[in-house]
Amino acid sequence: ITGSAKTLSELKDQSTYSEWGIGKEKYWEVDSNTSLLMPSTMNCGGQFPNTITASASLSGSGSDGDPYQITGVGDLAAMAANLSASYILTSDIDVTEECYKWAPIGSDASPFTGKLYGNSKSILGLGINVAANGLGLFGEIEAGLVQNLNLSMRIHLFDAHRTATSVTEIGVLAGKISSGSTISNVTVAGNIFKHNGLEVGGIAGEVNSSTLQNSIVSYVNILSEENRNGSIAGFLSGSTLDEGSVYASYVQGDYGTGGAVGTASNTSTISNSNSRSAAISNHSSRSQIGGLSGSISWSSVSNSYATGNA
């Protein structure tokens, strides 16, 4: 797909995705809740029944000069044992067919403060279906670093979780990114289905006092029934988004829903960024829906544009 925004009907048509070039039909399925074509979970049905056993030990010392080496999904889960260490992916991790349920690394109470060097590798196919705050590969990243990573994930909070307590801060990479964290050269794809709560984004639900540099979001579909939803970030607060790009994505929500950022405030800056995402309101009477950002206050935008439908 080369550039143009896609309508809702086009996103439901499999031929829309024929030029992506992955070459493996296993990566796509039609979701029964929305009729949208989504990255596949190999008929997991949003259940993700298989658990991951964390590796008992990792190669490396965990220092920045000798980071722990991540070679498989068990190694990835082992990151939860040392939240301040440095890690590097040494091979791609593709668990698309395994229906693994992922437990986010770090939380609001114990955030990830270390570094993850993606090494231009990919993590594909993890799933989450737990109704909790702070969902993503990471629950929360605080004063941390993630760079050069490709990531796809499906977060599914419909059906059994439809009446669950309101949840907040949901993203493919992280639920929340805070306190001077730097995220650079990260590409994400995936789906986020949720019923209630707020702050949902492709990279992160909330980005607070941090920097997103060269963030690329493609084929991310977000369906939310609450506020602050964006293909890159749901809520950008006192943070910088530079060189952010959104392709062939779809975000639906309430107040503060945008093609790239849901709500930007508190002296945030958006620069050199673009969105080709459709941003849709749940209600025809709602305001603060925008192609680039749903709401911007005490913040600045430069050299940025949106071509998606809003």
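Since this is a predicted model, take the numbers as computed values, not measurements.
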Exercise. Tell me, do Glu98 and Val73 make a side-chain contact under 4.5 Å, heavy atoms counted?
Worked result: no
Seminar exercise, completed: Heavy atoms of Ser268 and Leu236 approach each other most closely as OG-O, 3.0 Å
Exercise. Within a strict 4.5 Å, meaning less than it, do heavy atoms of the Ile52 and Val95 side chains meet?
Worked result: no
For this session: Would you check if there is a donor-acceptor pair between the side chains of Thr96 and Asp94 at a distance under 3.5 Å?
Result: yes
For this session: List the atom of Val261, the atom of Ile270, and the distance in Å for their closest heavy-atom pair.
Result: CG2-CD1, 4.1 Å
For this session: Work out which heavy atom in Gly259 is nearest to a heavy atom in Ala279; give both atom names and the distance.
Result: N-CB, 3.8 Å
Problem set entry | Verdict with reasoning, Tyr255 to Thr263, per side chain to side chain contact (heavy atoms under 4.5 Å, CB included) | CA-CA 9 Å; Tyr255 293 106; Thr263 297; over 6 Å; no
Exercise. Are Ile155 and Phe235 co-members of a hydrophobic cluster defined by side-chain heavy atoms under 4.5 Å apart?
Worked result: no
Exercise. Does one hydrophobic cluster hold both Ile88 and Leu83, with members joined at side-chain heavy-atom distances below 4.5 Å?
Worked result: no
For this session: First locate atom OG1 of Thr51, then atom OH of Tyr100, and finally report the distance between them rounded to the nearest 0.5 Å.
Result: 8.0 Å
For this session: I would like to know whether Ile141 and Ile183 meet side chain to side chain contact (heavy atoms under 4.5 Å, CB included); could you show each step before the answer?
Result: CA-CA 10 Å; Ile141 302 171; Ile183 311 299; 4.2 Å; yes
Seminar exercise, completed: Tyr117 and Ser86 have their tightest heavy-atom pair at CE1-CB, 4.5 Å
Exercise. Counting N and O atoms only, with roles assigned by atom type, does the side chain of Asn227 sit under 3.5 Å from a partner on the main chain of Gly256, one being a donor and the other an acceptor?
Worked result: no
Exercise. How many angstroms lie between OG in Ser215 and CD1 in Ile232, if you round to the nearest 0.5 Å?
Worked result: 6.0 Å
Problem set entry | Check against side chain to side chain contact (heavy atoms under 4.5 Å, CB included), Arg154 and Phe48 | CA-CA 10 Å; Arg154 180 162 173 165; Phe48 314 116; 4.2 Å; yes
Exercise. Under 3.5 Å, is there a donor-acceptor pair between the side chain of Asn185 and the main chain of Gln147?
Worked result: no
Problem set entry | Donor-acceptor contact present, side-chain Ser55 to main-chain Ser57, <3.5 Å | no
Problem set entry | The single option from Ser178, Ser110, Ser181 passing side chain to side chain donor-acceptor pair (under 3.5 Å) against Glu140 | Ser178
For this session: Ignoring hydrogens and angles, state whether a donor on the side chain of Thr182 or Ser184 is under 3.5 Å from an acceptor on the partner side chain.
Result: no
Problem set entry | Check: Leu151 main-chain N/O paired with Ser122 side-chain donor or acceptor under 3.5 Å | no
Exercise. Counting N and O atoms only, with roles assigned by atom type, does the side chain of Ser231 sit under 3.5 Å from a partner on the main chain of Ser277, one being a donor and the other an acceptor?
Worked result: no
Problem set entry | Audit row: Asp242, Thr211, side chain to side chain contact (heavy atoms under 4.5 Å, CB included) steps and yes/no | CA-CA 8 Å; Asp242 185 44; Thr211 298; 6.0 Å; no
For this session: Find out if a path of hydrophobic residues (ILVMFWY) with successive side-chain heavy-atom gaps under 4.5 Å connects Val207 to Val301.
Result: yes
Problem set entry | Donor-acceptor contact below 3.5 Å, side chain Thr168 vs main chain Leu198 | yes
Exercise. Hey, are Ser302 and Ser271 close enough side-chain-wise for a donor-acceptor pair under 3.5 Å?
Worked result: no
For this session: Answer whether the closest heavy-atom distance between the side chains of Leu292 and Ser304 falls below 4.5 Å.
Result: yes
Problem set entry | Short side-chain to backbone donor-acceptor contact, Ser91 and Thr71, under 3.5 Å | yes
Problem set entry | Side-chain H-bond candidate by donor/acceptor type, Asn274 with Ser245, under 3.5 Å | yes
Seminar exercise, completed: Closest non-hydrogen contact found for Lys101 with Val130 is CD-CG2, 4.4 Å
For this session: With rounding to the nearest 0.5 Å, note down the distance linking CG in Asp75 to OG1 in Thr90.
Result: 7.5 Å
Exercise. Does Ser61 offer a backbone N or O that forms a donor-acceptor pair with the side chain of Asp66 under 3.5 Å?
Worked result: yes
For this session: Check each of Val220, Val188, Thr187 against Ile203 using the side-chain contact (heavy atoms from CB on, under 4.5 Å) test, and report the only one that passes.
Result: Val188
Exercise. Taking the side chain as C-beta and beyond, is there a heavy-atom pair between Val146 and Leu137 under 4.5 Å?
Worked result: no
Problem set entry | Nearest-0.5 Å distance, CD of residue Glu206 to NZ of residue Lys176 | 4.5 Å
For this session: Answer yes or no: is there a side-chain heavy-atom contact under 4.5 Å between Asn82 and Tyr87?
Result: yes
Exercise. Between CG of Leu124 and CG of Asn150, what distance do you get to the nearest 0.5 Å?
Worked result: 8.0 Å
Exercise. Heavy-atom distance under 4.5 Å between the side chains of Phe138 and Pro111, does that happen here?
Worked result: no
Exercise. CD1 of Ile70 to NZ of Lys121: how many Å apart, nearest 0.5 Å?
Worked result: 13.5 Å
Seminar exercise, completed: Residues Ser224 and Val200: closest non-hydrogen pair is OG-CG2, 4.4 Å
Exercise. With distance as the sole criterion, is a donor-acceptor pair present between the side chains of Asn208 and Ser210 under 3.5 Å?
Worked result: no
Exercise. Donor-acceptor pair, Ser209 side chain versus Gly180 backbone, under 3.5 Å?
Worked result: no
For this session: Please examine the side chains of Val167 and Leu135, heavy atoms only from C-beta on, and report whether any two atoms are closer than 4.5 Å.
Result: no
For this session: Report yes if some heavy atom in the side chain of Pro104 is under 4.5 Å from a heavy atom in the side chain of Ile128; otherwise report no.
Result: yes
